[in-house]
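Okay, so here's the structure we're looking at.
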Amino acid sequence: VLETLDSFSSLTGTDLTVAGVAVTTFWHNILGIGADDQPVTPLISWADTRPASVMDRLRSDIDEKRNHARTGCVLHPSYFPAKLRWFAAECPSEFRSSRYWMSIGEYLLFRLFGVRGCSVSMASGTGLLNVHDCTWDSELLAHLHLDPADLSEIIDMDTSFRGLVPEFSNRWPCLKDVPWWPALGDGACSNIGSGCVAADRTAIMVG
């Protein structure tokens, strides 16, 4: 990503004017970040099947019907409860060393601005969001031995950030003062890529 932005920044000698920076990333990905703000786990995606190994125990510990009513998500290896349970079981050292848990889009925001923010869009794909009040679900967090502070603050998609940290404001002068928005889920943004941005059009996405 940083190399791509380096290439983009080299275009500033043209008539290009940057109005802002929007971000999308793949849903259901997770990364553990240590006390030094560096990753301590690999990034795993929605397609990683290894968390399936904890599903039987997860279903025995959590009332799936009640969980679905709160989060809108079934218990599934793609979602964070299974991923976090799997990390705790299979990578205990990395799990204990992880100060924060976030998606790659959140980590980008963290690196560039020093803030931890998760859009409602990305939070909705974690399986940890209480959809009734847009907060991290306290019952699930207690089950997973997590605090809300271990996750990013939930923010709406129109929350923007300005003022890159010095390392990157010096690296990309054309981007340092423009608004950046938090990452949204790729499925929610698939219509943008296909050019379906008018009210009289409909996009169909097959995942």
Side-chain angles (χ1 to χ4, degrees), residues 1-34 36-47 80 99-126 128-129 134-136 148-207:
V1 172
L2 302 185
E3 289 171 356
T4 299
L5 290 171
D6 286 339
S7 297
F8 176 82
S9 185
S10 70
L11 301 175
T12 55
T14 69
D15 294 331
L16 182 68
T17 300
V18 180
V21 182
V23 179
T24 182
T25 187
F26 52 107
W27 253 322
H28 324 305
N29 74 86
I30 189 170
L31 186 65
I33 307 299
D36 61 355
D37 298 340
Q38 298 299 311
V40 296
T41 73
L43 175 72
I44 66 171
S45 80
W46 59 271
F80 281 21
R99 181 183 182 187
Y100 306 127
W101 295 95
M102 60 182 69
S103 70
I104 190 65
E106 293 163 66
Y107 186 57
L108 177 66
L109 187 71
F110 186 43
R111 284 287 307 277
L112 299 185
F113 291 92
V115 298
R116 292 184 298 121
C118 179
S119 69
V120 174
S121 173
M122 288 302 292
S124 73
T126 63
L128 295 177
L129 178 71
C134 263
T135 61
W136 298 119
D150 298 326
L151 303 170
S152 301
E153 178 186 359
I154 298 171
I155 54 179
D156 213 343
M157 66 178 183
D158 59 358
T159 303
S160 63
F161 298 88
R162 292 176 185 262
L164 295 167
V165 298
E167 175 187 356
F168 298 111
S169 61
N170 295 331
R171 188 165 169 175
W172 311 313
C174 65
L175 301 176
K176 66 177 183 178
D177 295 321
V178 301
W180 294 63
W181 286 275
L184 306 182
D186 55 352
C189 298
S190 61
N191 62 300
I192 305 293
S194 63
C196 181
V197 293
D200 61 347
R201 292 178 176 267
T202 299
I204 298 176
M205 187 273 289
V206 180

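The analysis underlying the following values was restricted to heavy atoms, covering all of them including side chains, and did not include hydrogens, waters or symmetry mates.
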With heavy-atom distances below 4.5 Å as the criterion, would you say the side chains of [X] and [Y] are in contact?
X      : Y      : result
Arg116 : Met102 : yes
Ile30  : Leu43  : no
Asp150 : Tyr100 : no
Asp186 : Trp27  : yes
Ile154 : Leu129 : yes
Trp181 : Thr159 : no

* Asked: Do Thr126 side-chain atoms and Phe80 backbone N/O form a donor-acceptor pair below 3.5 Å?
  ->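 No; judged by distance alone, with no hydrogens or angles, the pair does not exist.
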
* In a check of side-chain contact (heavy atoms from CB on, under 4.5 Å) between Met122 and each of Ser152, Pro182, Ser103, which one passes? ->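 Exactly one option meets the side-chain contact (heavy atoms from CB on, under 4.5 Å) with Met122, and it is Ser103.
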
* With respect to Trp172, which candidate in Val21, Val178, Leu164, Val18 satisfies the side-chain contact (heavy atoms from CB on, under 4.5 Å) definition? ->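 With Trp172 as partner, side-chain contact (heavy atoms from CB on, under 4.5 Å) holds for just one option, Leu164.
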
Considering non-hydrogen atoms only, spot the tightest contact between [X] and [Y] and give its length.
X      : Y      : answer
Gly32  : Thr41  : N-OG1, 2.8 Å
Ala203 : Cys196 : N-SG, 3.6 Å
Gly185 : Ser121 : N-OG, 2.9 Å
Asn29  : Ile104 : OD1-N, 2.8 Å
Val165 : Gly114 : CG1-N, 4.1 Å

Drop me the distance from [X]'s [atom1] to [Y]'s [atom2], to the nearest 0.5 angstrom.
X      : Y      : atom1 : atom2 : answer
Ile155 : Ser160 : CD1   : OG    : 9.5 Å
Ser9   : Leu2   : OG    : CG    : 12.0 Å
Ser119 : Asp158 : OG    : CG    : 11.0 Å
Cys134 : Asp156 : SG    : CG    : 7.5 Å
Leu112 : Trp180 : CG    : CH2   : 5.0 Å

* To do: Sequence neighbours left out, what passes ring pair (Phe, Tyr, Trp, His ring centres under 6.0 Å) with Trp46? Give chain and number order.
  =>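 Ring pair (Phe, Tyr, Trp, His ring centres under 6.0 Å) check on Trp46 returns nothing, list empty.
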
* To do: State which residues pass ring pair (Phe, Tyr, Trp, His ring centres under 6.0 Å) with Trp136; sequence neighbours excluded, sorted by chain then number.
  =>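 Result, ring pair (Phe, Tyr, Trp, His ring centres under 6.0 Å) vs Trp136: none returned.
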
* To do: Can you tell me which residue pairs pass the salt bridge (charged side-chain N to carboxylate O under 4.0 Å, His left out) test with a partner in residues 162-180, sequence neighbours excluded?
  =>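 Listed once each, the pairs are Asp6-Arg171.
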
* Indicate the ring-plane relationship of Phe110 and Tyr107, choosing parallel, tilted or perpendicular according to the 30° and 60° boundaries. =>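 Aromatic pair Phe110/Tyr107 classed tilted.
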
* To do: Take atom CD of Gln38 as the centre, draw a 6.0 Å sphere, and report whether it contains more than 12 heavy atoms from other residues, nucleotides or ligands.
  =>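 Buried by this count: over 12 neighbours within 6.0 Å.
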
* **Working for side-chain contact (heavy atoms from CB on, under 4.5 Å), residues Val40 and Ile33** => CA-CA 6 Å; Val40 296; Ile33 307 299; over 6 Å; no

